[in-house]
Trainee: 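There's a structure below that I have some questions on.
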Amino acid sequence: MAESIIFILLGGISVTTLILLFGWSQWFDPRWIVLVFFVLIIPGLYAAFTTAPFVPSSRKRHVTMLKLADITSKDTVYEIGFGGGWLIFQAAKQAKKAIGYELSIPLVIFGKLKKLLIGSKANLYFGDMWKQNYDDADIIFCYIMPNAMKRFYKEIWPTLKPGTRLISNAFRIHDLQPTQEEDSVFVYTKK
Ligand SMILES: C[S@@+](CC[C@H](N)C(=O)[O-])C[C@H]1O[C@@H](n2cnc3c(N)ncnc32)[C@H](O)[C@@H]1O
């Protein structure tokens with residue numbers, strides 16, 4: 001959270017400095033900012049209504065998710081909807097490969113800036129989690145709404161290789177028995 005505030009402050013300071021240095025051009029209509037802002041937030045709004053809004057997991061839950069994942073250096077890890085990125089950046093320190101997808105453009109920009117700053121090997125993509133391939137996944141992290149969990153079970157679960165583990169914060173797959181459960185984090189293992 002502290003890092004997020006620092007990034008937002010730095011972004012605000014940079015934009016303000018540019019405006020103070022160059023001022024508004026005669027031809028520049030500030031209404032463009034409003035338009036660009038709405039264009040930037042549209043994919044995130046779509047993601048929020050169809051799958052899950054950006055409500056980050058608590059740090060305590062993130063830690064439980066990492067603990068239950070027990071990542072090794074042979075694992076390929078995905079986070080679907082990486083949000084603020086903390087989990088996928090931590091996972092990247094232990095995994096062979098760490099891949100995150102996110103539909104909210106501001107969060108993708110934030111994640112990519114943070115990746116540069118901290119020098120993480122996580123691969124972060126702007127992309128719809130429903131349109132990706134997870135057949136090499138050993139571990140998938142998620143925190144998505146109950147309806148999206150149902151959809152995941154119907155559409156993505158059958159495509160996973162045996163042994164893949166889904167680590168879900170807060171929400172269950174009701175048709176499956178979790179293989180582990182702690183502090184409302186559920187682990188499902190593909191047979
Ligand atoms: C509840 S937040 C969880 C964020 C992070 N995984 C965590 O646990 O802190 C869900 C995230 O999924 C993203 N999201 C929702 N639908 C998505 C989709 N179809 N493709 C990619 N990301 C999506 C949202 O933008 C949001 O950042």
Side-chain angles (χ1 to χ4, degrees), residues 1 3-4 44 47-104 107-108 111 114-115 118 120-191:
M1 190 63 188
E3 300 128 312
S4 317
F49 284 110
T50 58
T51 309
F54 175 50
V55 178
S57 306
S58 66
R59 193 50 46 88
K60 186 167 167 270
R61 287 286 171 83
H62 275 153
V63 170
T64 307
M65 290 168 93
L66 276 177
K67 185 183 114 191
L68 292 178
D70 194 18
I71 300 169
T72 73
S73 56
K74 291 182 184 152
D75 289 329
T76 296
V77 178
Y78 287 82
E79 185 174 13
I80 49 180
F82 60 75
W86 191 86
L87 188 58
I88 196 69
F89 287 133
Q90 293 303 315
K93 292 180 187 167
Q94 303 159 35
K96 181 175 84 182
K97 234 162 101 183
I99 298 140
Y101 294 111
E102 177 54 63
L103 256 191
S104 159
L107 290 174
V108 174
K114 191 167 168 184
K115 172 185 154 84
I118 64 176
S120 170
K121 68 169 197 228
N123 297 299
L124 304 183
Y125 299 106
F126 169 68
D128 186 349
M129 58 167 272
W130 301 111
K131 298 197 174 130
Q132 313 303 326
N133 185 353
Y134 303 98
D135 60 8
D136 63 343
D138 297 296
I139 295 162
I140 302 177
F141 289 115
C142 71
Y143 179 21
I144 55 177
M145 300 297 281
N147 274 345
M149 289 298 281
K150 262 191 204 161
R151 182 173 172 195
F152 183 95
Y153 183 55
K154 205 169 143 213
E155 291 179 20
I156 297 177
W157 188 255
T159 70
L160 303 177
K161 66 179 184 194
T164 302
R165 284 173 297 137
L166 176 72
I167 321 272
S168 170
N169 180 17
F171 299 112
R172 295 168 180 268
I173 295 178
H174 284 289
D175 296 321
L176 274 186
Q177 193 61 26
T179 40
Q180 271 175 291
E181 183 178 338
E182 187 181 320
D183 185 25
S184 295
V185 174
F186 304 98
V187 181
Y188 296 95
T189 308
K190 179 76 193 286
K191 290 208 175 109

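We count residues from 1, following the sequence as given.
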Trainee: To the nearest 0.5 angstrom, please state how far the NZ atom of Lys67 sits from the CD atom of Glu182.
Mentor: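 The distance works out to 3.5 Å.
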
Trainee: Nearest 0.5 angstrom please: Phe54 CZ to Glu102 CD, how far?
Mentor: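 These two atoms lie 7.5 Å from each other.
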
Trainee: Between Tyr188 and Trp157, what is the ring plane arrangement, given parallel below 30°, perpendicular above 60°, and tilted in between?
Mentor: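 Because their plane-to-plane angle is over 60°, the rings of Tyr188 and Trp157 count as perpendicular.
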
Trainee: Quick check against the 3.5 Å criterion: does Arg61 have a side-chain atom that pairs as donor or acceptor with the backbone of Val185?
Mentor: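 Here the side-chain-to-backbone pair does not exist.
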
Trainee: Taking all non-hydrogen atoms of both residues into account, name the closest pair between Phe89 and Ser120 and its distance.
Mentor: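 Smallest heavy-atom distance, with atoms named: CD2-OG, 3.2 Å.
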
Trainee: Do Thr51 and Trp130 have side-chain N/O donor and acceptor atoms under 3.5 Å apart?
Mentor: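 A donor-acceptor contact under 3.5 Å links the two side chains.
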
Trainee: Between atom CG of Leu87 and atom CE of Met65, what is the distance when rounded to the nearest 0.5 Å?
Mentor: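 Answer rounded to 0.5 Å: 5.5 Å.
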
Trainee: With rounding to the nearest 0.5 angstrom, report the CG to CE distance, Asp175 to Met149.
Mentor: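 Between atom CG of Asp175 and atom CE of Met149 there are 11.0 Å.
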
Trainee: Would you say CD of Glu155 has more than 12 non-hydrogen atoms from neighbouring residues, nucleotides or ligands within 6.0 angstrom?
Mentor: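 Counting neighbours around CD of Glu155, more than 12 heavy atoms of other residues, nucleotides or ligands fall under 6.0 Å, so yes.
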
Trainee: Do you know the tightest heavy-atom contact between Lys121 and Ala95?
Mentor: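 Looking at all heavy atoms of both residues, the closest pair is NZ-O, 2.6 Å.
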
Trainee: Can you tell whether the side chains of Asp136 and Lys161 come within less than 4.0 Å, N to carboxylate O?
Mentor: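 No, Asp136 and Lys161 are not salt-bridged.
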
Trainee: Which distance, rounded to the nearest 0.5 Å, do you find between the CH2 of Trp86 and the NZ of Lys114?
Mentor: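 Going from CH2 on Trp86 over to NZ on Lys114, the span is 9.5 Å.
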
Trainee: Over all heavy atoms of both residues, which pair between Asp128 and Gln132 is shortest? Give the atoms and the distance, please.
Mentor: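 Taking every non-hydrogen atom into account, O-NE2, 2.8 Å.
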
Trainee: Locate the shortest heavy-atom distance separating Ala69 from Ile139; write the atom from each residue and the value.
Mentor: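 Closest heavy-atom pair between Ala69 and Ile139: O-CD1, 3.6 Å.
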
Trainee: Does the side chain to side chain contact (heavy atoms under 4.5 Å, CB included) test come out yes or no for Leu166 and Cys142, once each step is laid out?
Mentor: CA-CA 8 Å; Leu166 176 72; Cys142 71; 3.8 Å; yes

Trainee: Atom NZ of residue position Lys150 - does it have more than 12 heavy atoms of other residues, nucleotides or ligands inside 6.0 Å?
Mentor: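 Check fails, neighbour count at 12 or below.
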
Trainee: Under 3.5 Å, side chain of Thr179 to main-chain N/O of Val187, donor-acceptor pair present?
Mentor: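 Flag set: sc Thr179 to bb Val187 pair under 3.5 Å.
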
Trainee: Kindly compute the distance separating OG1 (Thr76) from OH (Tyr134), expressed to the nearest 0.5 Å.
Mentor: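 Rounded to the nearest 0.5 Å, the OG1-OH separation comes out at 13.5 Å.
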
Trainee: At their closest point, which heavy atom of Asp135 faces which heavy atom of Asn133, and how far apart are they?
Mentor: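 Taking every non-hydrogen atom into account, N-OD1, 3.0 Å.
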
Trainee: Write down the atom of Phe141, the atom of Ala91, and the distance for their closest heavy-atom approach.
Mentor: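 It is CE1-CB, 4.1 Å.
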
